[in-house]
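One structure is given here, and the rest of the page talks about it.
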Amino acid sequence: MFRVLKNEILFKLNGWTFVSFIIGLFIIIPIAFVAIQFNNSSENWHHIQENVLYKYIYSTLILVLGTGVLSVFFGVITAWIISFYEFPGRKLLEWGLILPLTIPTYIAAYSYYDVLETFTPLMLWIRNNISFSAMNLFNDFMVYFVTIIVLSSVLFPYVYLSTRASFLMQGNKLIESAKILGHLPGQIFWNLILPLSRPAIVAGLSLVIMETLNDFGAVEYFGISTFTTGIFRSWMGMDDVGSALRLSSYLMFFVLLLMYFEKRMRGNAKFDQNDDSSLTHKRLVLSSSKSKSVLVICLVPLMLGFIIPVIRLSLWSISASKDFFNIELMQIRFNSIGLASFSSIIIVIVSIILLFSSKYFSSQIIKITNQFAVLGYSIPGAVIAMGILLVSAYINDITNIIITGTISSLFIAYLIRFLAVSSQPIDSGLEKECSQINQASRNLGKTAFHSLMKINLPLLKKPIFVGAILIFIDVFKELPLTLILRPFNFDTLATLTYDLNKQAQIFDASIPALIIIIITTIPIIFLNKKLERKS
Amino acid sequence: MIYNISIKASSLFLIISFFSFLSGEINLYTHRHYNSDKLLFKAFTKKTGIKINVIKGSADQLIQRLQTEGENSPADILLTVDAGRLVRAKNLGLLQPVTSPLLIKQIPSEMRDLDGYWYGLTVRARALIYSKDRVKQNQLSTYEDLAHKKWRGRIVVRSSNNIYNQSLLASIIAANGELDAYKWAKSVRSNMARSPRGSDRDQARAVASGLADVAIMNTYYLGVMANSSDKKDQDVVKKIAVFFPNQKGRGTHINVSGAGITKSSKNKEEALKFLEFLTNENSQKVFSSANYEYPLKINEHNSTILKSWGQFKYDPLSLSVLGEKNTQAVKIFDRAGWE
């Protein structure tokens with residue numbers, strides 16, 4: 001341990017690693033503030049443990065499990081169909097299936113706000129013909145069922161995207177050989193392709209799970225007491241910061257565990273992927289009847305996660321009192337676009353600096369700080385906001401500088417929350433494309449800056465682009481952080497949707513919600529183009 | 001020529017900035033997001049020249065933010081939708097006491113902090129609504145009665161995460177003691193037709209759809225629904241009626257949307273003027289006509305819809321108590337299994 005540290009300081013301390021270390025620390029502090037509270041024994045902890053902790057764990061697990069399974073189901077099946085079969089409409093579906101990503105969970109929940117009520121006649125029938133407790137059971141089931149469907153139908157594209165990319169990468173030779181050896185397509189799928197794609201599926205799944213844990217709007221609306229709602233109940237309802245932080249830290253450790261498993265699974269399988277990926281796939285052309293059935297299969301999640309919400313919102317927007325182009329809305333649109341663009345630039349630059357200096361100098365310390373710095377993604381946005389508020393209280397005490405209420409506080413918050421989003425593609429890009437070349441470049445005596453500019457950045461164009469777009473979309477949709485840290489008289493499309501919704505102006509809220517969807521659709525189409533394999 | 005124009009322009013700019021310096025600004029942290037407020041803010045600026053800057057957010061987050069910003073906070077006023085959070089802000093040392101004869105005159109004593117840390121602005125009544133088809137008015141009486149077995153499977157109420165429910169239970173603790181409050185919460189929970197979810201409006205919808213017969217909800221939501229552009233909401237309102245419970249006893253539970261001047265306020269005088277403005281007779285009418293809330297003098301309004309619900313007696317419990325018993329209420333809800 002000591003030797004490693006000494007080694008780090010003697011040989012790896014330079015401008016790059018120093019700056020990276022400071023940035024990393026800066027990001028970690030609010031997160032660490034939460035993490036160290038796992039043993040906080042505040043006054044109400046006993047009460048929470050006795051009465052509600054079990055319920056929080058139980059309902060969070062059901063939600064995570066249900067949403068995870070359904071998202072994998074939707075994601076893998078659609079990725080399989082799109083990658084291996086040719087049928088009319090495939091091209092359209094290929095990028096269409098990503099579109100649900102444009103709908104944040106709070107808007108999905110809002111577009112389905114009355115869906116549970118449609119079951120009232122059935123519930124009444126159960127009460128009258130079976131029993132009251134049967135109705136209760138049915139109701140509880142439906143609450144989870146609907147929430148899980150709503151969440152998975154907008155989150156499954158994470159699995160679809162990662163799995164599809166992995167399917168496309170898998171060697172054609174392997175599949176061809178399997179075919180020649182007489183294996184049926186089903187066998188090839190179960191025994192060959194699925195195991196090979198497991199790391200990709202798990203990667204997508206872990207994003208789904210984090211988004212599920214982050215959701216507050218949907219679960220609150222459907223009345224499910226998860227960890228996240230519990231955190232706020234303790235914080236605000238019981239005025240007990242300690243318990244709230246302790247619950248948050250539990251949530252964080254859960255995600256940490258998750259990430260550990262994800263890494264391990266990915267790590268084991270990493271080398272199996274780089275088969276002859278230069279070959280193009282030959283997709284199996286389907287007969288018209290089979291085409292129809294795969295079309296229907298792909299359309300189900302797309303309908304649930306995109307088409308139905310958009311149709312409903314569009315219908316509501318007809319009755320709205322404002323149109324899409326009034327001056328106030330234009331200003332707000334400008335706010336959202338500006339915020340999202342700047343954030344994605346800042347965050348991408350930071351992730352490049354952090355990852356490059358960790359890889360280039362193979363610094364253990366930076367590697368570790370990086371691993372902690374990306375944890376922000378696992379913490380519900382609203383909890384990060386609290387962490388930032390607590391930390392900036394200290395800063396305010398010492399320096400009299402107020403960070404809250406300025407645009408920069410929003411950038412800091414987004415950096416903490418979304419660093420992982422751009423780090424992931426850039427990290428794997430560095431790993432895959434640059435590590436050996438960097439070694440060579442170092443041996444040739446080039447500076448780190450030279451290597452970065454001349455070798456790494458050109459090679460990393462694609463992952464950087466992907467990271468930037470993903471952050472743009474995430475920031476554009478972001479609600480809880482923006483809500484609490486924004487400056488005076490400042491709205492984004494997300495906060496406006498939330499506000500109008502709170503006032504039950506279902507019709508008026510549809511307009512900013514639709515604008516969010518429309519604007520995020522554009523970069524998503526770009527993203528898809530980039531991710532498509534160049535043949 | 002150009003020189004001339006630029007002189008004129010810059011002197012005009014100077015004059016404007018001088019006046020805006022004179023008339024000042026107020027920075028408002030508010031949980032409210034209603035059109036009635038927008039109207040009132042405009043009217044206030046028109047009348048006094050004082051500009052209102054707004055940050056909307058949940059009161060909890062705004063309080064947290066005030067706490068963070070400490071003495072340097074730009075906020076002058078914290079506006080919430082319940083008294084409990086104002087008490088919390090007071091206890092955290094975020095507000096400062098102010099007083100004025102006008103405020104004392106315009107606001108009944110139970111609807112403001114006795115030390116002047118916060119003042120109520122509008123009143124919300126948490127009453128019962130019931131199905132006109134399946135419940136007779138004389139079957140209803142008190143909140144306490146909802147714990148009776150005869151209501152099994154017939155009640156809907158929203159989650160106890162909601163502050164209005166926490167305040168209601170706080171008032172029941174104040175009236176009947178902790179043990180009875182616990183028994184009440186437990187029985188009402190087991191009488192519910194479904195696990196709690198959704199907003200107050202969703203409870204009205206559930207009653208209209210026949211899933212339940214009685215709901216606890218704030219009356220102003222009913223006004224909003226009755227005047228909604230959504231025909232479905234209008235139909236819901238036609239099927240239900242309002243009942244004010246506990247009329248023979250302590251009265252119906254009320255809460256206020258209120259405001260306090262922050263400790264850090266740099267525009268205290270303007271802020272005070274603003275509070276006086278919001279509580280004057282005219283503004284009070286705007287709250288009741290545009291947002292269907294009750295004015296501070298609850299029967300002094302000429303809103304048709306409020307009149308249609310009838311007059312009622314309210315629980316004169318000092319609203320500070322709601323804040324003091326909030327934690328206790330949340331814990332009781334937890335123990336009673338009311339999600």
Side-chain angles (χ1 to χ4, degrees), chain A residues 44 47-48 50-52 55 113-114 116-117 120-121 123-124 127 132 135-136 139-140 143 220-225 229 232-233 235-240 319 321 382 385-386 389-390 392-393 396-397 400-402 404-405 483-491 495 499-500 502-504 506-507, chain B residues 27-28 33-35 53-65 67-74 85 88 91 152-153 158-161 163 166 192-199 201-202 205-206 209-211 221 224-225 228-230 232-233 326-327 329-331 333-335 337 339:
Chain A
N44 298 312
H47 164 86
I48 290 172
E50 198 129 281
N51 296 289
V52 282
K55 200 189 266 176
Y113 82 99
D114 51 358
L116 276 170
E117 314 317 319
T120 303
M123 283 180 58
L124 290 173
R127 177 159 74 182
F132 177 54
M135 181 186 85
N136 260 324
N139 174 61
D140 290 346
V143 167
E220 195 199 21
Y221 188 79
F222 290 123
I224 297 178
S225 308
T229 58
F232 285 97
R233 190 181 171 91
W235 194 311
M236 308 307 176
M238 293 189 210
D239 211 353
D240 183 355
S319 316
S321 63
M386 294 302 177
L389 285 180
L390 290 174
S392 43
N396 181 18
D397 267 354
N400 265 359
I401 296 171
I402 301 191
T404 55
L483 209 55
I484 173 164
L485 296 171
R486 63 187 158 154
F488 279 106
N489 307 329
F490 186 89
D491 263 305
T495 62
D499 269 353
L500 290 170
K502 272 266 158 177
Q503 298 169 66
I506 303 278
F507 298 142
Chain B
N27 293 328
L28 182 66
H33 33 58
Y34 309 114
N35 273 332
N53 297 318
V54 179
I55 290 182
K56 287 182 263 184
S58 88
D60 294 322
Q61 295 177 335
L62 294 172
I63 288 173
Q64 190 60 44
R65 187 161 156 175
Q67 219 178 339
T68 301
E69 294 166 342
E71 283 169 24
N72 296 320
S73 174
R85 269 127 161 190
R88 202 172 147 226
N91 292 340
R152 185 165 156 76
R158 74 194 291 184
S159 156
S160 68
N161 282 328
I163 191 86
Q166 295 170 7
M192 283 186 200
R194 66 168 184 211
S195 51
R197 70 158 179 261
S199 63
R201 280 177 293 268
D202 292 318
R205 292 183 187 121
S209 73
L211 183 71
Y221 286 121
V224 175
M225 288 177 93
S228 163
S229 48
D230 191 346
K232 271 194 277 175
D233 276 353
N326 200 77
T327 304
V330 172
K331 284 182 165 179
F333 276 131
D334 279 346
R335 282 197 284 133
E339 300 88 338

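Proteins come first, then strands; the chains are lettered A, B, ... in the order of their sequence lines, and each starts at number 1. All values derive from a computational prediction rather than experimental measurement.
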Exercise. CG of A:Leu124 to OG of B:Ser209: how many Å apart, nearest 0.5 Å?
Worked result: 6.5 Å
Problem set entry | With B:Phe333 via ring pair (Phe, Tyr, Trp, His ring centres under 6.0 Å) - residues at least two apart | B:Trp338
Problem set entry | B:Leu62 portion near chain A, given a 4.5 angstrom heavy-atom threshold | neither
Problem set entry | Selection from B:Ser160, B:Gly70, B:Gly57 maximising heavy-atom pairs under 4.5 Å formed with chain A | B:Ser160
Seminar exercise, completed: The interface call for B:Arg205 against chain A, heavy-atom contacts under 4.5 Å, is side chain
Problem set entry | B:Arg197 side chain near A:Leu116 side chain, heavy-atom distance below 4.5 Å | yes
Exercise. A:Pro487 versus chain B, heavy atoms under 4.5 Å apart: side chain, backbone, both or neither?
Worked result: backbone
Problem set entry | Options B:Ile63, B:Asp202, B:Asp233, B:Val224, ranked by heavy-atom pairs under 4.5 Å with chain A, top entry | B:Asp202
Exercise. Which pair of non-hydrogen atoms, one from A:Arg127 and one from B:Leu211, has the smallest distance, and what is that distance?
Worked result: NH2-O, 3.3 Å
Seminar exercise, completed: Counting heavy-atom pairs under 4.5 angstrom with chain A, the leader among B:Gly337, B:Pro74, B:Ser159, B:Gly153 is B:Gly153
Exercise. Where the side chain of A:Arg486 meets the backbone of B:Lys56, is there a donor-acceptor pair that is under 3.5 Å apart?
Worked result: yes
Seminar exercise, completed: For A:Asp140, the side-chain contact (heavy atoms from CB on, under 4.5 Å) test, sequence neighbours excluded, returns B:Ser195
Exercise. Given that the side chain runs from C-beta out, which part of A:Phe132 has a heavy atom under 4.5 Å from chain B: side chain, backbone, both or neither?
Worked result: side chain
Exercise. Which bit of B:Arg88 comes within less than 4.5 Å of chain A, counting heavy atoms only: side chain, backbone, both or neither?
Worked result: side chain
Problem set entry | Part of B:Met192 lying under 4.5 Å from any heavy atom of chain A | backbone
Seminar exercise, completed: Turns out that what part of B:Ala193 lies under 4.5 Å from chain A's heavy atoms comes down to both
For this session: Answer yes or no: is there a side-chain heavy-atom contact under 4.5 Å between A:Asn44 and B:Thr327?
Result: yes
Exercise. Hey, what do you get for NE2 (A:His47) to CZ (B:Arg335), rounding to the nearest 0.5 Å?
Worked result: 7.5 Å
Problem set entry | Electrostatic pair B:Asp334-A:Arg233, nearest N-O below 4.0 angstrom | yes
Exercise. With chain A, which of B:Glu69, B:Arg194, B:Glu339 has the greatest number of heavy-atom pairs at distances under 4.5 Å?
Worked result: B:Glu69
Problem set entry | Heavy-atom proximity to chain A below 4.5 Å, by part of B:Ser73 | backbone
Problem set entry | B:Arg201/A:Glu117 ion pair, N-O < 4.0 Å | no
Problem set entry | From CG (A:Asp114) to NZ (B:Lys232), nearest 0.5 Å | 4.5 Å
Seminar exercise, completed: Bottom line for A:Leu485: the part with an atom under 4.5 Å from chain B's heavy atoms is backbone
For this session: Could you look at B:Gln166 and say if it's the side chain, the backbone, both or neither that has a heavy atom under 4.5 Å from chain A?
Result: side chain
